[in-house]
Amino acid sequence: MLQQTTDNWVNRDNTPPPEFHPAPVVSLAEVIAFIRRRLLMISLTCMATLGIAILYLIITVPTFIAKAQLIVDAKLATADAAAVATIVQSQIEIMKSDGIASAVIEKLGLAQDPEFATGQGSGMISRLLGWSRPETKASAVRRTVESFERKLSAKRVGPTYLVEITFESRDPDRAAQILNAVAEKFITHQVDRADLQDEPWVKDRLNELSTQASAAKKAFEDYSRNRKDAGESAATMDELVAAAESSKSAYDNFRLVLRKMEATRQLSSPVLVASLVSGASPPLRATWPNARIVLGTSIVVGALLGIAIGLLRDLMDRGTRASWEAWRGLQLACIVAVPMVTSGNVWRKLTAAFSGPAQKQANRQRSRNIVRTASPIWAIMDAPQSRFTESLLEIKLAIDSMNRSGERNQVIGTTSAQPGEGKSTVAAALALLMAQAGARVILVDCNLRNRSLSAELAPTASFGILDIMAGAASVSEATWIDSKSQLAFLPVGNNSRPIYMSDVLASEKLNKLYQILRDAYEYVIVDLPAETISMDLRAAAHLLDSLVLVVDAGRMNVGLVERARKICSDMDEIMLGVVLNKADMELVKRYGLRS
């Protein structure tokens, strides 16, 4: 039980009620800011839906609806509203019945009309798969009737005896013709329904009695012409006269009974008078598609869809911002945000895609020239003033500004929080940028588990790091060169022997190899395994002067990096910072993700 105090309400156990938090209110300024921010997206979605609507208007076959009005009057003594409604509704159902539809279809030959016969082809796939029975003449007729009834409609006009009937067709003249035929058949049906003599069983009985009377009369006449003696003819003639009179009397009595039944029927039920008030005329304009409705609806749907996509993007942006606030909690400096980019050299893509076998064989026979594919790294040369190139230049400046014990920051490793975040692309683009600036640079593929960089730049390499360490080749024999930038590349090689990467990265032979590279080049850019392979990364730490962590902005995993950092805590002193790869530069600018 609640107890009221002068200040607030408390529960029976003296615990305060939960604090009330009012629902957040969206201000007009926030709405306007959202529209301004997502105006381009909303406009594009509106244009897309408008284009779809215009295409729909072009390809859609127009339909026309003809209209006619009938009056169905009942000669009732009292004008009861419920009785009138019942009578009119009954006549509407008769208008829409199978009997009227079948009669009109037969009269106008609609069974052969393609507009009504289209329903006969429906369910073709079901029939091929055995899900339905084969098409028969009866089922085809039934489908035509169903198609006819779907296009025909009838409704009462207010609280009156008027009934409005409509029919939909692709041909305006055909629609009016069919509707007038429906009205004619309905009126004829109402007239014929009051005549009892048109009933099938009545017609059969009348024909039977008439035949009997005619036969008796003919027998009497034949006998009168062919009689032989007077005594015999008098008795036989009396029998024939009696039979003829009996047959005629039966026929007359049945006709009398019919007249009495018709009179009784007319007195016991109201007489319906159906007449055509206004006949159907061919409509001048198509009823559907309505251009105004279709275009207006498309614009509204496009605007709502654009707003929904904009709200979804805002939610994703908030998630990105929250993730980067967590990144800041790890105290890792963000060096730069690298935008998503593809190679701008379209001609190179085309020639690579359509080059013949002879050209590919010639490329393989070149003397260790780096293969230039459609990789994004070549945007450094194709678009030197692009944001992508500028972001790689910032990484180079960060490397040059970091000195450790007065020694040159020369060997730079690149890793990522998890595989597939673009660390190999960043490493290759950074090395190419340095080589373009005139420095002596070598790019080394030390990702022995995933040799994607070697497969891209030196797909036919016969020698590499493993072969140099085994003494099977020298550094010069395993090094590949880019002829334009003079970038050197040392692939993994094709050594097929089983290896233990941690042992290879920590070996003294690899240390000597890196010492040779230090003496020969100004920068050694090393592509390393992801941080999730912590043992490999720790084994290679002694080779590096600094380490760059590449993170995919679209799939940041704070917990994964934090766990890897705890395992590799002895590498904090060489950690240069984070490179946010594949970043949305609009988000970077709006939220200030750089720290």
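Residue numbers run from 1 in the order of the sequence given.
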Evaluate side-chain contact (heavy atoms from CB on, under 4.5 Å) for Val526 paired with Leu543, printing each intermediate quantity in order.
CA-CA 10 Å; Val526 186; Leu543 303 172; over 6 Å; no
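- Contact check for Ile42 versus Ile307: side-chain heavy atoms found under the 4.5 Å cut-off.
- Side-chain contact between Val524 and Tyr514: present, with at least one pair of heavy atoms (C-beta onward) separated by less than 4.5 Å.
- Rounding to the nearest 0.5 Å gives a distance of 5.5 Å between OG of Ser483 and CG of Asn369.
- Salt bridge annotation for Arg368-Glu477: absent, with no cationic side-chain nitrogen under 4.0 angstrom from a carboxylate oxygen.
- A distance-only check finds no donor-acceptor pair linking the side chain of Asp467 to the backbone of Ala472 [under 3.5 Å].
- Side chains of Thr415 and Val550 form no contact here, defined as non-hydrogen atoms less than 4.5 Å apart.
- Ser169 and Glu115 share a side-chain donor-acceptor pair at under 3.5 Å.
- At a threshold of 4.5 Å between non-hydrogen side-chain atoms, the residues Leu393 and Val336 do not count as touching.
- Of the N and O atoms on the side chains of Thr479 and Ser476, not one donor lies less than 3.5 Å from an acceptor on the other residue.
- A distance of 12.0 Å separates CZ of Arg313 from CG of Leu311, quoted to the nearest 0.5 Å.
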Candidate pair Gln436 and Lys484, rule side-chain contact (heavy atoms from CB on, under 4.5 Å), full reasoning
CA-CA 9 Å; Gln436 277 285 95; Lys484 291 186 177 181; 5.6 Å; no
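- The backbone N or O of Ile516 sits nowhere less than 3.5 Å from a side-chain atom of Asp519 that would complete a donor-acceptor pair.
- With contacts defined as side-chain heavy-atom distances shorter than 4.5 Å, the pair Leu487/Ile481 does not qualify.
- Nearest heavy-atom pair across Val579 and Ile395 is CG2-CD1, 3.7 Å.
- For the atom pair Leu312 CG and Arg38 CZ, the distance stands at 9.5 Å (nearest 0.5 Å).
- Between atom OG of residue Ser298 and atom CD1 of residue Ile54 there is a gap of 7.5 Å, rounded to the nearest 0.5 Å.
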Can you list the steps and then say if Ile465 with Leu513 is a side-chain contact (heavy atoms from CB on, under 4.5 Å)?
CA-CA 9 Å; Ile465 294 177; Leu513 171 60; 4.0 Å; yes
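- Checking side-chain atoms of Thr297 against main-chain N and O of Val294 turns up no donor-acceptor pair under 3.5 Å.
- Every pair passing salt bridge (charged side-chain N to carboxylate O under 4.0 Å, His left out) that includes a residue from residues 422-440 is listed here, sequence neighbours excluded: Lys423-Asp527, Arg440-Glu522.
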Please test Glu168 against Thr287 for side-chain hydrogen bond (donor to acceptor under 3.5 Å, both in side chains), starting from the C-alpha separation and ending with a verdict.
CA-CA 9 Å; Glu168 174 186 329; Thr287 306; over 6 Å; no
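- Taking the side chain as every heavy atom from C-beta outward, Leu430 and Met434 approach each other to under 4.5 Å.
- A distance of 10.0 Å separates CG of Leu305 from CE of Met41, quoted to the nearest 0.5 Å.
- Side-chain atoms of Leu457 and Ile377, non-hydrogen and from C-beta on, do get closer than 4.5 Å to each other.
- Without hydrogens or angle criteria, Gln410 side chain to Tyr521 main chain gives a donor-acceptor distance under 3.5 Å.
- Applying the side chain to side chain donor-acceptor pair (under 3.5 Å) test to every pair with at least one member in residues 48-59, sequence neighbours left out, gives these pairs: Tyr56-Trp288.
- Thr373 approaches Trp378 most closely through the heavy-atom pair O-CD1, 3.3 Å.
- Put simply, CG on Asp171 and OG1 on Thr63 are 12.0 Å apart, with the number rounded to the nearest 0.5 Å.
- Counting only distance, with no hydrogens or angles, the side chain of Ser401 and the backbone of Leu397 share a donor-acceptor pair below 3.5 Å.
- The two residues Thr389 and Ala383 have their closest heavy-atom pair at OG1-O, 2.8 Å.
- The nearest pair of heavy atoms linking Leu576 to Ala398 is CD1-O, 3.8 Å.
- When every heavy atom of Glu421 is checked against every heavy atom of Lys582, the shortest pair comes out as O-CE, 4.1 Å.
- Annotation for Met381 and Asp482: closest pair SD-OD2, 4.4 Å, computed over non-hydrogen atoms.
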Would Phe489 and Ser454 count as a side-chain contact (heavy atoms from CB on, under 4.5 Å) if you check the C-alpha gap in whole Å, the side-chain angles of each, and the deciding distance to 0.1 Å?
CA-CA 9 Å; Phe489 175 60; Ser454 296; 3.9 Å; yes
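- Asp400 and Tyr523 share a side-chain donor-acceptor pair at under 3.5 Å.
- Between Ile412 and Asp545 there is no side-chain heavy-atom pair separated by less than 4.5 Å.
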